[in-house]
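By convention here, the first residue in the shown sequence is residue 1.
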Amino acid sequence: STLSKKEKRSYLAVDKEDEIIGYVVPVFRKEFQKKMNPDSLTHPPEFILKPRGQTVWEGKSVTLHCTVAGWPKPHVAWYKNNVLIDAKSHPEKYFTESQYNMHSLEIKNCNFSDTAEYRISALNVKGESSAFAPVIIKKAVGSVYGFSPEYGVTFNTTIIDKFDVSFGREGETMSLGCTVIVYPTVKRYQPEIVWYRNGVALSPSKWVHMHWSGEQATLTLVHLNKEDEGLYTLRVNTKSGFDTHSAYVFVRDADVEEEGVPVAPLDVRCHDANKDYVVVTWKQPAVEGSSSIIGYLIDRLEVGTHHWTQCNDTPVKYARFPVTGLIEGRSYTFRVRALNNSGVSRPSRASDPVVAMDPSDRARLRAGPSAPWTGMIKFTEEDPTVGVVPGPSTDLAVTEATKSYVVLSWKPPIQRGHEGVMYYVEKCLVGTDTWQRVNTGMPVKSPRFALFDLAEGKSYSFRVRSCNSAGVGEPSEETGATTVGDRLDLPSVPGPVIPIRNTDTSVVVCWGASKEVKNLVGYYIEVSVSGNGVWVPCNNKPVKGTRFVCHGLNTTDKCVFRVKAVNAAGYSGSSAESEACIVQYNPPYSSICASPSHLTYLSAAVPSPPTGVTLQERVRDYMVLGWQAPAKTGGADIKGYYLDYRTVKDGVTSKWHEINLQAVTGTSYKFYKMKSFYKNPGPPHGLRVQEVRKDSMVLLWEPPTFNGRSAVTGYYVDYKEENGRWRCVQERSTKNTYMKVTGLQEGVSYRLRIHAKNLAGVGGPSKATDAILAETRPGTNEIVVDVDDDGVISLIFECSDIKENSQFVWSKNYEAFTDTSRLTIQTAGGRSRAIFNDPSLEDLGTYSCFVTNTDGVSASYTLTEEGLKRLLDISHDHQFPIIPFKSEMAIELQEKGRVRFWAEVAKFTSNCQVEYVFNDNIIHEGKKYTMNFNKTTGIIEMFMDLLEVTDEGTFTFNLVDGKATGRTSLVLIGEEFAELQKKSEFERAEWVRRQGPHFVDYLSFEVTPECDVHLKCRVGNIKPGTEIAWFKDGIEIEEDDEDCLCLTVPTIPQQISKKDAGVYEVKLKDERGKDKTLLNLTDAGRSHVVKANSSTELKVMSTEHGIILYSFVVHYIEDLRVGWLHKESKISHSDRVQCGVTGEQLWLKMNEPTEKDKGKYAIDIFDGKGSFKRVLDLSGQGKHRARVVGGLPDVVAIQEGKSLNLTGNVWGDPVPEVGWVKNDKPLLSDDHHTLKFEHGKFASITIAAVTTVDSGKYALLVKNKYGTEAAEFTVSVYIPEDEAEKKE
């Protein structure tokens, strides 16, 4: 640009309220493209300083401040509990101010109703951001509580007719209600009624209805689900304060449709929704059914449709799943079903709808009128970012990693232009340099992506490429190595469970929290009447605390309780059962309260807390505590005490921890200091190795002799190569005293050792084993699973190196059998067999067999749930074998209408027998049925001569071959039977007809290309004495050919008249029978005489004015209807395009054709019976038509006696035929005229010694199948003397 700085002055851009929103600098387009990139200037709102929550006294004012950055300048709006604050409508209460990106909200003269969560929302064209601040209003000290200056009274609230603890079942409707009395009554004043579930305010919805009549507050829960379970609270707010009432609502599972299946999951929610991706989470149900839950199936439903689509083919174990492949802009709801060995549960309640869209777009829609855009910005310059390849994405990270999927997230590239950006995701197996694109078919629109079908245990790196219409950008920085596997572990078992009496139908249950748990969802509490072993859930929605009131129990029942924790990975193990507690009302003086000593206790009824906790003795590594028994025992003897401790360091206290797991019966306790009392455990001993293979071996050991005064909680296994360093086999400790070490290298020797751990830490290593060579010795056998002919399942192990005193020692999970009723061991020689007496899920585990007095001969076999199911299926097949059919029963119709039922058996013995059954009744061979079983081919047949009405039903072949059985059936009822019976009767009638003279082909006619009409029929089974007669309209005519009887009407179409019409008939007759056939050849028949297919192929001919398309017919009559088509459209008659008939020629004439006239042409001829079409393609004939492209002049003047030589350039495909004419008469090559055509391109004429006779009009004619053309020229021969005279 050549503008000066003065000319480049700035202009302010303002909105409708005259508020500055930016600056405008006029520049030329080129300079604009060089200096301005909107992507680098604009950015979404960002809170530099967020508003802070405040607590103030009633009657005071409070101001919330914040600072927001963003370009264009964000517009802000304030909300109270998600309700827009209109400061202009309520200036006496609110005042808002915005200056230099600083925003404030002042709340004047605060009262209790101003207690709320306040939100500020900032919005511009790049996105939306929000910040929150709670404001709490407290009552001022010394003021009169409850007085309302606005009304001059103090409101007193009383809630009566309160709802109690309620029980419902899924699918039912429940109503909760209370009567609310507010005194005094003030006209036109109503209290605020708010309902809460678990402390969260409820709003009216599809599932929740609220009603306030002025006295009665009612909450109706429509179609109960487990999500509705919880603590419900009614809160009545008045100008003087509030009053509340709470009670718990329990929702029990609906009856399952199939016994043993799990109940429905609950609380399905959607998170992190993007353009084509959303994360669905849910909570596991309380009841898993007859077996553990295998996984979950997720379904989706597009809003507005009625068809649910399953999202995952393989069940997922985690209660979290990324759903991909959504269509941007559409709304979806989701539901989840649980799956175990017995089947699939009912679906959960559907989630709230979620829209597949960009989060920034969702934020703008959600903001709504909160920050209205009142200004206008127009960019009139060309977009400087068109054609910009996007840069690399940033902040790529693995946000989730399980053995089922891995989720990636990243930030869009900074350089991307104005158009949308999509992404390609690439993966690389660690240790290789090969990057593989995951989504090859379609790039994703969201900066999130879920990868499935990764190899468990393998490590991968990932990277992302951005793309737009300009191309694919550079890859992002790759992630670190990510190992495919579950990152979230199952929760640890909850601590001891303590039940405490409460009422005649409830018990208070307390328990210790799970010590090792991540992302805890909550706890499920189960109850069982002591001794019956049936566990029932107390809650169907997880609770997060460690105290719960179990309602709905039977009075005087002696109940035990247990607790299990749950997170997204699944369920923990159940805690130890509590001591039995009798469901009985507590005395009114008993209460639960915290003791200053934090001593807890176990009693039949709640006693008062212990007192007088004193330190009686303290030495280096222990101390003795004493206390006084509670003053009130609760009406029963004290059973014991539990003690807790916590550490205090530099004034900072830790959490309370249990000291004793068993109750202390006395009033003193010797407490050892944790660090000095508990010691690291000693080393394990008795290490031995078995099942040595080329890539694995099994290590077994005995627990340490000294456990460090604390139970051993796990073991670590180390291994090393002969001269290598020690490495740990596993990341987490194992509680077993055995481990299979895998991943070894064949031919390498290894040493192994063990560490034990307890509460104090990890102990020292055991003595290492001798060096063991990883190899599979020749002759090594494995345990083989066998299912014999009787269906007995067994494990078989053979040893060829057995000694005289060797024994086969079987074990389960490398421990001696404790339940010998499960297995029967049979040993004979070098073969041992472990037989399962009654295979069930109790038999799952690892079975090993060790042969004593050998060089470590051993093997193992792991029986999984899937493997057991497969074996049980095989066992059932062996016990109850099925005879296979190569072809199931079928039916066919034979001659005389005979019906054949047949089937083919695939495998059978000579003892196989067949039982024929009709409608459950055994039928035998006789007059009606003929039966046959060909044991050579395996084909079973049954014949019926005729189907009758009574034969409608089911036909069955039952086979018995030893203990094997087989069955095949065919159902013949309804329309199928009626049709078959009709065909059978017809075939029988036809057979009877064919026994005498009969017509093989009935009388018909044909029209020849010459338009002759032939009447013909074919007869069979005739003899010399058979009478054959032809008739027309009842008058007999004669015919000679007995094999093919024909009648020829040798007329042409113009001569056919009504006298040729009539009914033609042929009759056959002799002593064996008779037959006849008719043909009605009336006006309709005569109209078929002219045949359209007698026309010739469509051809083209070029003329000096254009082209002619034509076809010939054998005979033409006016009844023929002819139509011409161009590109399937009817051609209209015009001065340039004409059609007509000349003799037998049908033609279409086109003058001066153009490029638009190229294409397919067709002539459609209708002869009264049908139409026939001839087609010719002129698409490429313009360039293939024969023509003269140059070389010839228009006029040639030549002196007499000279020789004339002219050459014309010819073109055409195929090569055209060439000819010369003079004065419209053909020229032939002779001594005077020499005619040549060379190379298919050059046509020449040479006239030797021209004379005046050679003067005239000449033409070069070229012709091929696509057309002809003539190039004309004039030759003038002159005499020189004549010319001289003319000049003089």
Side-chain angles (χ1 to χ4, degrees), residues 37 39-40 126-127 271-280 300 311-314 320-330 332 355-362 383 385-456 458-484:
N37 184 348
D39 284 343
S40 63
K126 297 298 290 184
H271 310 271
D272 197 19
N274 253 285
K275 296 179 181 179
D276 53 4
Y277 168 98
V278 68
V279 175
V280 180
R300 76 173 181 231
C311 301
N312 56 318
D313 295 328
T314 304
R320 182 181 179 92
F321 185 75
V323 178
T324 58
L326 305 182
I327 300 176
E328 184 177 1
R330 298 188 181 180
Y332 298 88
V355 183
M357 63 188 305
D358 189 271
S360 60
D361 295 336
R362 181 181 291 103
D383 191 345
T385 57
V386 171
V388 175
V389 176
S393 301
T394 58
D395 297 344
L396 176 63
V398 178
T399 57
E400 291 185 53
T402 72
K403 63 182 180 182
S404 301
Y405 62 86
V406 170
V407 177
L408 304 177
S409 67
W410 60 90
K411 291 184 179 179
I414 298 176
Q415 175 186 342
R416 62 180 182 271
H418 285 322
E419 62 178 307
V421 178
M422 295 190 287
Y423 308 94
Y424 286 110
V425 179
E426 299 177 347
K427 68 179 179 180
C428 176
L429 189 63
V430 173
T432 66
D433 296 327
T434 303
W435 286 93
Q436 179 183 358
R437 184 168 292 179
V438 178
N439 54 328
T440 55
M442 178 66 69
V444 295
K445 299 180 180 179
S446 305
R448 304 283 190 278
F449 190 75
L451 292 89
F452 299 89
D453 300 328
L454 299 177
E456 184 177 359
K458 299 289 186 180
S459 296
Y460 295 86
S461 295
F462 306 95
R463 68 184 186 188
V464 176
R465 291 178 183 265
S466 306
C467 67
N468 60 12
S469 61
V472 180
E474 293 297 319
S476 66
E477 293 185 5
E478 62 185 76
T479 64
T482 300
T483 303
V484 179

Is any side-chain heavy atom of [X] less than 4.5 Å from a side-chain heavy atom of [Y]?
X    : Y    : result
R320 : V279 : yes
W410 : T394 : no
T399 : L408 : no
D272 : R448 : yes
V407 : V398 : no
S409 : F449 : no
V278 : L326 : yes

Please tabulate, for side-chain N and O atoms in residues 424-432, each donor-acceptor pair with protein atoms closer than 3.5 Å (sequence neighbours left out).
residue: E426; atom: OE1; partner: R463; partner atom: NE; Å: 2.5
residue: E426; atom: OE1; partner: R463; partner atom: NH2; Å: 3.0
residue: E426; atom: OE2; partner: R465; partner atom: NE; Å: 3.0
residue: T432; atom: OG1; partner: L429; partner atom: O; Å: 2.6

Please identify each residue that fulfils side chain to side chain donor-acceptor pair (under 3.5 Å) with [X], with sequence neighbours left out.
X    : result
T324 : none
Y460 : none
S459 : T483
N439 : none

*Looking only at heavy atoms, what is the nearest atom pair of V389 and N468, with distance?*
CA-OD1, 4.3 Å
*Check side-chain contact (heavy atoms from CB on, under 4.5 Å) between S446 and all other residues, then give those that pass, not counting sequence neighbours.*
N274, K275, D276, Y277
*In chain order, what residues pass the side-chain contact (heavy atoms from CB on, under 4.5 Å) check against P413, with sequence neighbours excluded?*
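Result, side-chain contact (heavy atoms from CB on, under 4.5 Å) vs P413: P390, S393, R416, V421, Y423, S466.
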*Of all residues at least two apart in sequence or in a different chain, which pass the salt bridge (Lys or Arg N to Asp or Glu O under 4.0 Å) check with K411?*
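Counting only residues at least two positions away or on another chain, K411 forms a salt bridge (Lys or Arg N to Asp or Glu O under 4.0 Å) with D395.
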_To the closest 0.5 Å, what do you measure between CE (M357) and NZ (K445)?_
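Going from CE on M357 over to NZ on K445, the span is 12.0 Å.
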*asked:* For residues 466-478, which residue pairs pass the salt bridge (charged side-chain N to carboxylate O under 4.0 Å, His left out) check, not counting sequence neighbours?
replied: none
*State which residues pass ring-ring contact (aromatic ring centres under 6.0 Å, His included) with Y332; sequence neighbours excluded, sorted by chain then number.*
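With sequence neighbours excluded, Y332 shows a ring-ring contact (aromatic ring centres under 6.0 Å, His included) to no residue whatsoever.
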